[in-house]
Structure formats: C-alpha cells, structure tokens
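I have placed the structure first, in the form of structure tokens, so that the comments after it can refer back to it.
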Amino acid sequence: MIRIVVVLLIVFLLVAIARKLVTPAAKGKAMGGEKLVQCRYCGVYITEASAVSAGGNYFCSTDHQHRLEES
C-alpha cells in the first residue's frame with residue numbers, strides 16, 4: 001500500500017514539474033510567434049497586433065476599453 005502511495009506521489013510531482021517547465025515557454029507567444037497581451041477588463045489573452053491599446057493598457061475591444069473608463 002505504501003509503495004502505491006509513493007509511486008502516485010512521484011508521478012504527481014513529475015507532472016507538476018513538467019507543467020512548470022512547459023508553461024512559461026508558451027506564455028506570451030501565440031502560435032505564429034506573436035506576442036500575447038491580456039485585456040485589462042476581462043483578462044482574455046489576444047495578440048498585441050489585434051489589441052486596442054490605451055494608456056499603456058491593452059483591451060480585447062473598444063467596448064471593454066470604454067467600460068473600464070466608465071467605471
């Protein structure tokens with residue numbers, strides 16, 4: 001029983017380490033190598049080229065830009 005728990009713990013740790021190693025490399029880059037930015041209003045990631053930029057912030061649409069300005 002102890003062996004099963006130890007093996008499961010090792011597998012869990014290996015999966016967690018693998019996710020940590022893979023995730024940072026992919027974050028910030030779209031499939032075409034474009035930089036990803038996060039919408040200040042809703043948090044969705046979009047390419048920097050398609051984002052609406054205002055005051056150093058990025059938005060996924062002009063609607064979200066205006067909603068943040070209104071609040």
Side-chain angles (χ1 to χ4, degrees):
M1 181 69 175
I2 295 288
R3 286 184 182 177
I4 294 173
V5 172
V6 170
V7 169
L8 288 175
L9 182 62
I10 290 172
V11 169
F12 175 77
L13 290 174
L14 290 174
V15 169
I17 291 170
R19 284 185 179 177
K20 293 267 185 192
L21 292 174
V22 172
T23 303
K27 189 175 183 180
K29 294 285 181 185
M31 289 182 63
E34 297 179 61
K35 183 179 178 187
L36 293 179
V37 293
Q38 190 173 18
C39 176
R40 171 91 173 165
Y41 184 77
C42 68
V44 72
Y45 283 92
I46 54 214
T47 60
E48 188 175 27
S50 65
V52 177
S53 177
N57 295 314
Y58 295 99
F59 301 93
C60 62
S61 66
T62 54
D63 181 49
H64 281 187
Q65 177 190 2
H66 296 305
R67 285 186 185 189
L68 188 69
E69 290 171 354
E70 291 173 356
S71 55

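This structure is a prediction, so every number in the text was calculated from the model and none was measured. What you see below is based on every heavy atom in this structure, not just the backbone, and it leaves out hydrogens, waters and symmetry mates.
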Nearest non-hydrogen partners of V52 and S61, listed with the distance: CG2-C, 3.9 Å

Atom CG of L9: over 12 foreign heavy atoms under 6.0 Å: yes

Cluster link V6 to L14, ILVMFWY, side chain under 4.5 Å: yes

Nearest heavy-atom neighbours spanning C60 and C42: SG-SG, 3.8 Å

Approximate separation, where rounding is to 0.5 Å, of Q38 CD and R40 CZ: 10.0 Å

Closest non-hydrogen atom pair between R67 and Y41, with its separation: CD-OH, 3.6 Å

Stepwise side-chain contact (heavy atoms from CB on, under 4.5 Å) check, T47 with L36: CA-CA 4 Å; T47 60; L36 293 179; 4.0 Å; yes

Atom pair CZ/SG of F59 and C39 - distance to nearest 0.5 Å: 6.5 Å

